[in-house]
There are 2 protein chains.
Amino acid sequence: MATIKDVAKKAHVSVATVSRVINQKGYVNSETREMVLEAIKELDYVPNELARSLFQKKSSIIAVLVPHLTSYYFAELLEFIEDITLELDYRLMVCNSHDDPEKEAQYLKIFDQYNIDGLILIANTHRIEDYKKLDIPIIEIDHKLTEDIPSITSNNVLGGKLAAEKLINTGCKKIIHFRGPSDLMTVRERTDGFKSVLEKNEVYNFSYDLDFKTPSPEDIENVIWSNLDCDGVFCDSDYIAILAIQALKKAGKKIPEEVQVIGFDNIELADVLKPHLTTVSQNRQKIAEYAINSLMKLINKESLEVFHRKIDVELIERDTTK
Amino acid sequence: MATIKDVAKKAHVSVATVSRVINQKGYVNSETREMVLEAIKELDYVPNELARSLFQKKSSIIAVLVPHLTSYYFAELLEFIEDITLELDYRLMVCNSHDDPEKEAQYLKIFDQYNIDGLILIANTHRIEDYKKLDIPIIEIDHKLTEDIPSITSNNVLGGKLAAEKLINTGCKKIIHFRGPSDLMTVRERTDGFKSVLEKNEVYNFSYDLDFKTPSPEDIENVIWSNLDCDGVFCDSDYIAILAIQALKKAGKKIPEEVQVIGFDNIELADVLKPHLTTVSQNRQKIAEYAINSLMKLINKESLEVFHRKIDVELIERDTTK
DNA sequence: TTGTAAGCGTTATCAC
DNA sequence: GTGATAACGCTTACAA
């Protein structure tokens, strides 16, 4: 590994000059520059980012703390985030919390140690204080833990409303809402939006809590078998919706003629599996873009025009609704 | 952010002593140690890993280069890898190549810049020389690009054989093999294993190439409609198998009575979607464990007892075979 | 326009 | 046992 010294020696200049060339800062004679560039090329020199980081107290690394890697929603979000950060010449450190406070704490420490420039936080946790202690910029996705930490979330209330309106407008009279854990803000918001519309229209409905990561197919089946007269199902994830559809089919229900189903997320499978799933689409690309964008602003000490941003969701109508 | 100097000052000792305490190296009086520990706690001090890395020329960061994040197979592999690295107190840098040589090249540069300690390579690429130039330990997963780079792969030949044997033993006479891109080693190996058994038994079969990331449902459907007399389908991924099952159902085929289907990977959905999919299971946990294990050995300058390791696959029989 | 040298936060090698 | 101090590879005043 060639160092800046090697380059300096080869180009017969000082390390300061080489540094100026690399960083395109300060004056440097164009002939000298050529020599240096030449030497850099010959030696295959790349500046050591660690040394740089040490001096500048910034690492060009940003961390993403996610609760899981294996659910499509998070994986795709991460993929978008990675795309953008690479473009901006930042690196990505993945931190998988497994929703485990212990692991989060472990990572929290690491962020300081590596001069992480910023953190994208997608956590179901509630250890707000620990995050506030961190003196690096944070952008939260999906949740809004506190007013102090800027956030990007989907407009979940709208999502709930859109689903409810669709089901009502197509004549549903008894609706099951298979939701996520109701202690999550996203879930409560969707429920609020959903119920607000249904109650105004006096349509019978109830919510059943499931785990997002491993929703129990048996539970779903049981709920459906004890409510065979339902004609609408709204699910807080497409994965849950897929399970619900299976249960409904098993119960001999025709979709969408007898029962309509709406999912949430718009994962890849929603458009592939049959029947194609009507779903509330979260714009993950936009979420990722705004998140990184905002994070960059904070890193550059600029202020955010919108501190808590809501990204609109959209109802994608496919074959599980009329 | 407190530094080692702050701690030294507070504890009325030199930085050298603090360093000794932190690293538990060299002699240090137990009373002094107590004082230092006290100071560390009071100041909430954590050593700066970048400075450490700079000196030691190791970063405790390992990089994982993957072709995608959104396919379940890679996501879960990454998840296992992250689990293990965190346990070993290493950080993970995710590098998503999108199968794009440009991006790979970009990342290749970065590995040097950050003193990355090792690389887990899961690439479909063939830029062997560039990787060899890298003077960091590499473990390759899924492929074996060259004899020089140690690899961990599933026993794909065995996978193909197991599938073929199952189909033959249950009476299949005409078998379609929906495989991945045949320029991939994994795919060729599976094909080899598969065909070796079928040809020995003189069973008619043919292979059809698909993209792993976005296999075309239309292509699958077309192939099936032009081969309605087939009674066995072997797919190189569970995702493909799911699409094939849909096409078969649409064609009015009964599974497994009229047509049997076997997938590959054993993703989560295989055991959830109906009919539950018979599949060749790749042991991702074991692959991840061996990969990190081997990488650690290389990092510690130890030699590997097995340079190219094959992990056995297993046929998981569910409801799509007799 | 260029070079010298201090400093970023560590660790390790010496003396003492 | 402990403390100076050089070194890791870089950037940036400040001099020249």
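The sequence lines fix the lettering, A, B, ..., with proteins before strands; numbering per chain opens at 1.
- Base engagement by A/Ser19 is indicated by at least one non-hydrogen atom pair under 4.0 Å involving a base atom.
- As a whole-Å value, the separation of A/Phe55 CZ from D/dC8 P is 18 Å.
- Contact annotation for B/Thr32: backbone-only contact, meaning every heavy-atom pair under 4.0 Å involves sugar-phosphate atoms and none involves a base.
- Checking C/dT1, D/dT2, C/dG9 against every side-chain atom of A/Asn29, the shortest atom distance belongs to C/dT1.
- Look at A/Thr17 and you'll find a side-chain N or O under 4.0 angstrom from OP1 or OP2 of C/dG3.
- Per the geometry, CD belonging to A/Glu49 stands 15 Å off P belonging to D/dG9, to the nearest Å.
- In this structure, CE on B/Met93 lies 4.5 Å from CD1 on B/Ile116, to the nearest 0.5 angstrom.
- Judged by the 6.0 Å and 45° rule, B/Arg309 forms a cation-pi pair with B/Tyr290.
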**Verdict with reasoning, A/Phe74 to A/Asp142, per side-chain contact (heavy atoms from CB on, under 4.5 Å)** = CA-CA 11 Å; A/Phe74 293 126; A/Asp142 270 10; 4.2 Å; yes

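- D/dG3 atom C1' lies 13 Å from atom CD1 of B/Ile4, rounded to whole Å.
- The distance between atom CG of B/Asn23 and atom C1' of C/dT11, rounded to the nearest whole Å, is 7 Å.
- For B/Lys57 and D/dG9, the shortest distance from a side-chain N or O to OP1 or OP2 is below 4.0 Å.
- Summarising the geometry, the separation between OH on B/Tyr27 and P on D/dG3 is reported as 17 Å, rounded to the nearest angstrom.
- Between B/Ala51 and B/Val28, the one whose closest nucleotide on DNA chain D sits nearer the 5' end is B/Val28.
- Residue B/Val46 is classed as a sugar-phosphate contact, given heavy-atom separations below 4.0 Å to backbone atoms only.
- Atom pair B/Leu54:CG and C/dC8:P shows a separation of 14 Å (rounding to whole Å applied).
- Comparing C/dC8, C/dG3, C/dA12 by their closest approach to the side chain of B/Lys5 singles out C/dC8.
- The separation between B/Tyr45 atom OH and C/dG9 atom P is 10 Å, rounded to whole Å.
- The OG atom of B/Ser14 lies 8.5 Å from the CD1 atom of B/Ile4; values are rounded to the nearest 0.5 Å.
- Here the C1' atom of nucleotide D/dC10 and the NZ atom of A/Lys25 are 12 Å apart, to the nearest Å.
- Between the side chain of B/Arg20 and the base of D/dG3, at least one donor-acceptor pair of N or O atoms lies under 3.5 Å.
- In terms of phosphate contacts, B/Thr3 brings no side-chain nitrogen or oxygen within less than 4.0 Å of OP1 or OP2 of C/dG9.
- Using a 4.5 Å heavy-atom cutoff, the side chains of B/Lys132 and B/Asp148 are in contact.
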